[in-house]
Amino acid sequence: THPMQNNLAPIPELYVSYESAQKLKVEAADLVSWDLTPRQICDLELLMNGGFNPLKGFLTEEDYNGVVENMRLADGALWPMPINLDVSEDFAASLEEGQDIALRDQEGVILATMTVTDSWVPNKAREAEKVFGADDDAHPAVNYLHNQAGKVYLGGPVTGIQQPVHYDFRGRRDTPNELRAYFRKMGWRKVVAFQTRNPLHRAHQELTFRAAKEAQANLLIHPVVGMTKPGDVDHFTRVRCYEAVLDKYPASTTSMSLLNLAMRMAGPREAVWHGLIRANHGCSHFIVGRDHAGPGKNSAGEDFYGPYDAQDLFRAHQDEIGIEMVDFKHMVWVQERAQYEPMDEIKDKDDVTILNISGTELRRRLAEGLEIPEWFSFPEVVKELRKTKPPRSKQGFTVFFTGFSGSGKSTIANALMVKLMEMGGRPVTLLDGDIVRKNLSSELGFSKEHRDLNIRRIGYVASEITKNGGIAICAPIAPYATTRRAVREDVEAFGAFVEVHVATSIEECERRDRKGLYKLAREGKIKEFTGISDPYDVPANPELSVETENVEVDNCAHQVILKLESMGLISG
Ligand code: PPS
């Protein structure tokens with residue numbers, strides 16, 4: 001029996017009353033506190049406002065094990081996603097069982113308290129396999145799990161003091177109970193929710209409109225503005241795009257609300273999770289498309305999940321989720337009839353021209369400043385996208401050299417800088433290893449921890465330069481692949497990241513020994529020397545790899561210029 005209508009009674013929240021909150025806030029100031037990460041703030045918001053109902057706090061160890069193994073809490077309730085407070089080993093070790101802690105946002109505001117009933121070291125490899133389908137760092141959530149999340153998980157009930165503060169689009173954000181109240185007020189007894197992390201184009205508008213008609217329901221556009229897949233269009237731009245598209249629906253049939261969810265890109269499990277969240281928000285129907293919340297390709301270049309795995313898992317649990325699935329129709333433009341039609345309903349496929357523009361093709365056209373036809377998207381949406389994503393030749397970018405000490409990174413980087421300055425157009429900043437160690441990282445040594453800090457600082461500066469339309473040239477050793485990847489993600493939020501491996505062999509670097517450091521390293525006078533007594537992860541997929549043996553510096557720099565041209569970053 002599927003819910004034909006939604007039940008709009010209020011759902012439980014974890015907030016205490018206003019008076020209690022004022023009191024608790026004062027008391028909580030004396031507690032040990034944990035500064036929440038951006039992802040934890042998203043999770044906490046949905047825990048507190050009932051978006052993650054029936055959860056009453058961060059998962060206990062027993063609940064976590066059930067969720068990981070078979071998508072169920074210890075009491076048997078369906079819940080597909082581990083929601084944990086991941087912390088450092090040091091922080092966990094400082095706590096006693098049953099201790100209350102304060103949870104603070106990044107400005108130090110206390111949002112909640114938590115009673116820590118459980119503290120354990122999770123088996124992350126198992127979590128990756130079971131929840132995300134593979135222990136493969138190419139999956140954004142697995143990468144997060146291994147390289148960003150703390151080593152220890154804390155579990156226990158949460159007492160909500162106040163909602164996280166948002167300064168953007170306040171009027172567009174609603175708690176589950178606010179949406180329920182809105183639907184009650186409007187008399188919307190059937191509501192179909194559309195989850196999205198992308199701008200809406202005409203095909204989406206068409207399919208959501210059809211879904212609403214089919215279900216005889218009203219429509220809720222429910223975009224995620226918390227955290228989505230690295231590289232997605234930022235939510236500010238997307239919300240402006242959504243606002244433009246809202247006008248295209250028949251008046252007062254459709255509404256939009258922003259959801260501060262931190263997505264995990266977990267495909268099938270994510271779809272079930274999204275369904276539970278939308279049921280909590282008072283929706284009766286939920287659209288699940290092809291490859292719902294797909295994370296892209298794995299490290300072998302294959303899809304993590306089958307295209308309809310999410311629909312299958314959803315269907316199998318639909319009654320428990322309490323929301324009815326509307327499966328996505330793949331909408332395509334039929335040129336002769338000048339309209340969108342569901343691909344599977346077109347009988348005369350061989351006689352008509354079927355058009356479609358993939359996400360990858362759209363990004364290419366934006367990047368190269370090419371035409372985007374009106375049948376594909378609304379002019380208002382294209383205009384917004386072009387403002388945020390000017391063609392690549394007008395965006396900032398980062399060239400990141402990596403290689404052994406003495407491989408020639410600095411020399412090539414300098415030559416590249418001069419060539420780019422000769423061309424003009426964008427300001428160029430060189431973040432050479434030595435310059436950085438003098439100006440930004442003078443207190444750091446060469447332990448793994450210090451090298452990572454050094455590289456993250458470089459990455460931070462490079463991403464700011466890139467965001468502001470400049471060119472950053474970095475030339476550190478950067479021996480660790482995971483750190484380079486983190487920097488790549490920081491930069492790619494704003495522009496291209498061009499990794500150049502200066503592939504001079506360690507033998508050649510040692511033979512040249514331009515600074516005499518290899519000799520000292522061999523004698524043990526310099527410890528932890530990269531390539532001699534410290535590791536170097538050879539880049540697996542750099543944009544470019546340059547040989548320096550028997551090649552002029554000028555030629556090496558020219559190879560980089562050619563690469564930049566071929567990527568559309570500079571015009572030839
Ligand atoms: S890292 O690993 O990316 O943080 O290193 P980086 O900031 O590029 O600094 C490397 C330069 O420091 C000198 N140096 C060492 N390198 C490697 N290992 C050890 N232990 C070490 N101690 C000092 C060395 O001159 C490097 O300079 P480059 O320009 O790479 O030759």
Side-chain angles (χ1 to χ4, degrees), residues 147 398-418 428-466 471-491 497-549 551 553 556-557 560:
N147 302 314
T398 291
V399 182
F400 192 96
F401 291 95
T402 168
F404 292 120
S405 170
S407 56
K409 300 182 300 289
S410 310
T411 322
I412 302 170
N414 265 297
L416 175 66
M417 176 172 71
V418 170
V428 190
T429 299
L430 178 60
L431 297 164
D432 190 26
D434 288 337
I435 303 176
V436 169
R437 283 201 171 260
K438 200 178 284 161
N439 294 298
L440 276 180
S441 294
S442 58
E443 85 286 19
L444 299 182
F446 291 88
S447 63
K448 169 156 199 315
E449 200 189 352
H450 277 192
R451 287 181 198 260
D452 282 351
L453 253 177
N454 183 40
I455 300 307
R456 294 304 298 255
R457 288 178 189 172
I458 295 176
Y460 173 71
V461 177
S463 73
E464 287 295 315
I465 290 170
T466 303
I471 300 173
I473 304 176
C474 315
I477 299 178
Y480 298 106
T482 49
T483 323
R484 294 194 300 257
R485 172 173 172 163
V487 171
R488 176 184 289 273
E489 283 183 6
D490 289 350
V491 170
F497 182 81
V498 186
E499 186 173 343
V500 182
H501 181 207
V502 182
T504 318
S505 67
I506 190 72
E507 295 76 23
E508 175 67 12
C509 293
E510 185 166 5
R511 197 186 55 73
R512 294 180 193 165
D513 203 4
R514 292 179 41 195
K515 299 181 185 166
L517 296 174
Y518 282 94
K519 183 167 174 291
L520 295 175
R522 283 290 178 204
E523 293 165 4
K525 290 183 184 139
I526 304 180
K527 305 265 180 294
E528 301 178 307
F529 198 85
T530 306
I532 304 295
S533 45
D534 220 46
Y536 180 81
D537 304 339
V538 173
N541 295 304
E543 273 68 15
L544 180 70
S545 180
V546 292
E547 300 296 333
T548 64
E549 287 159 58
V551 186
V553 172
C556 294
V560 182

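Quick note: numbers below take in every heavy atom, side chains included, and nothing from hydrogens, waters or symmetry partners. Each ligand, and each atom within it, is numbered from 1 in the order the structure gives.
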Checklist entry - Is the cationic atom of Arg437 (NZ for Lys, CZ for Arg) positioned less than 6.0 Å from the six-membered ring centroid of Phe446 and within 45 degrees of its normal? => result yes
Checklist entry - Taking only residues two or more places apart in sequence or in another chain, which ones pass salt bridge (Lys or Arg N to Asp or Glu O under 4.0 Å) with Asp537? => result none
Please tabulate protein-ligand N/O pairs under 3.5 Å for ligand 1, atom names and distances to 0.1 Å.
residue: ligand 1; atom: 2 (O); partner: Arg451; partner atom: NH1; Å: 2.8
residue: ligand 1; atom: 3 (O); partner: Ile477; partner atom: N; Å: 3.2
residue: ligand 1; atom: 3 (O); partner: Ala478; partner atom: N; Å: 2.8
residue: ligand 1; atom: 4 (O); partner: Arg437; partner atom: NH2; Å: 2.8
residue: ligand 1; atom: 4 (O); partner: Asn454; partner atom: ND2; Å: 2.9
residue: ligand 1; atom: 7 (O); partner: Arg437; partner atom: NE; Å: 2.6
residue: ligand 1; atom: 7 (O); partner: Asn454; partner atom: ND2; Å: 2.8
residue: ligand 1; atom: 8 (O); partner: Ile477; partner atom: N; Å: 2.8
residue: ligand 1; atom: 9 (O); partner: Arg437; partner atom: NE; Å: 3.2
residue: ligand 1; atom: 18 (N); partner: Arg451; partner atom: NH2; Å: 3.0
residue: ligand 1; atom: 18 (N); partner: Glu528; partner atom: O; Å: 3.4
residue: ligand 1; atom: 18 (N); partner: Thr530; partner atom: N; Å: 3.4
residue: ligand 1; atom: 20 (N); partner: Lys527; partner atom: O; Å: 3.1
residue: ligand 1; atom: 20 (N); partner: Glu528; partner atom: O; Å: 2.7
residue: ligand 1; atom: 25 (O); partner: Lys515; partner atom: NZ; Å: 3.2
residue: ligand 1; atom: 27 (O); partner: Lys515; partner atom: NZ; Å: 3.1
residue: ligand 1; atom: 29 (O); partner: Lys515; partner atom: NZ; Å: 3.2
residue: ligand 1; atom: 30 (O); partner: Lys409; partner atom: NZ; Å: 3.0
residue: ligand 1; atom: 31 (O); partner: Ser405; partner atom: OG; Å: 2.7
residue: ligand 1; atom: 31 (O); partner: Gly406; partner atom: N; Å: 3.3
residue: ligand 1; atom: 31 (O); partner: Lys515; partner atom: NZ; Å: 3.1

Next on the checklist: Regarding Asn454 and Ser441, do their side chains bring together a donor and an acceptor under 3.5 Å, going by distance alone?
Outcome noted: yes
Next on the checklist: Is it the case that the side chains of Thr483 and Arg451 hold a donor-acceptor pair, with the cut-off being a distance below 3.5 Å and no angle test?
Outcome noted: no
Checklist entry - Near Glu449 CD, under 6.0 Å, is it more than 12 heavy atoms from other residues, nucleotides or ligands? => result no
Item to check | Member of Glu508, Arg512, Lys409 meeting the side-chain hydrogen bond (donor to acceptor under 3.5 Å, both in side chains) criterion with Thr548 | outcome: Arg512
